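Fair warning: this is a prediction, and the values are worked out from it, not measured in the lab. By convention here, the first residue in the shown sequence is residue 1.
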Amino acid sequence: MTKAKMIEIVMGYRDDKPRDFWESMDEDTLANIIELEKIRLKQQASDAVATLA
């Protein structure tokens with residue numbers, strides 16, 4: 001995956017920072033952020049489902 005694509009994905013998760021902020025990070029950091037955001041979203045979805053039960 002290209003760095004540009006990774007930045008687009010991260011910005012989809014986190015719109016609280018400008019593009020320049022994300023462009024200053026290396027690919028490994030961006031990959032870690034993407035994985036952490038996936039985990040966070042899964043946990044939020046799980047919590048939301050638990051409140052429905």
Participant: Do you reckon Ile9 sits in the same ILVMFWY cluster as Phe21, going by side-chain contacts under 4.5 Å, direct or chained?
Facilitator: yes
Participant: Mind listing the closest non-hydrogen atom pair of Lys3 and Met25 along with its distance?
Facilitator: NZ-O, 2.8 Å
Participant: Calculate, to the nearest 0.5 Å, the distance between atoms CD1 and CE belonging to Ile34 and Met1 respectively.
Facilitator: 5.5 Å
Participant: Could you grab the distance from atom CD of Glu23 to atom NZ of Lys17, nearest 0.5 Å is fine?
Facilitator: 15.5 Å
Participant: What pairs with Glu35 under side chain to side chain contact (heavy atoms under 4.5 Å, CB included), at least two apart in sequence or on another chain?
Facilitator: Lys38
Participant: What heavy-atom pair brings Glu27 and Met6 nearest, and what distance separates the two atoms?
Facilitator: O-CE, 2.8 Å
Participant: How long is the gap from OH on Tyr13 to CD1 on Ile33, to the nearest 0.5 Å?
Facilitator: 12.0 Å
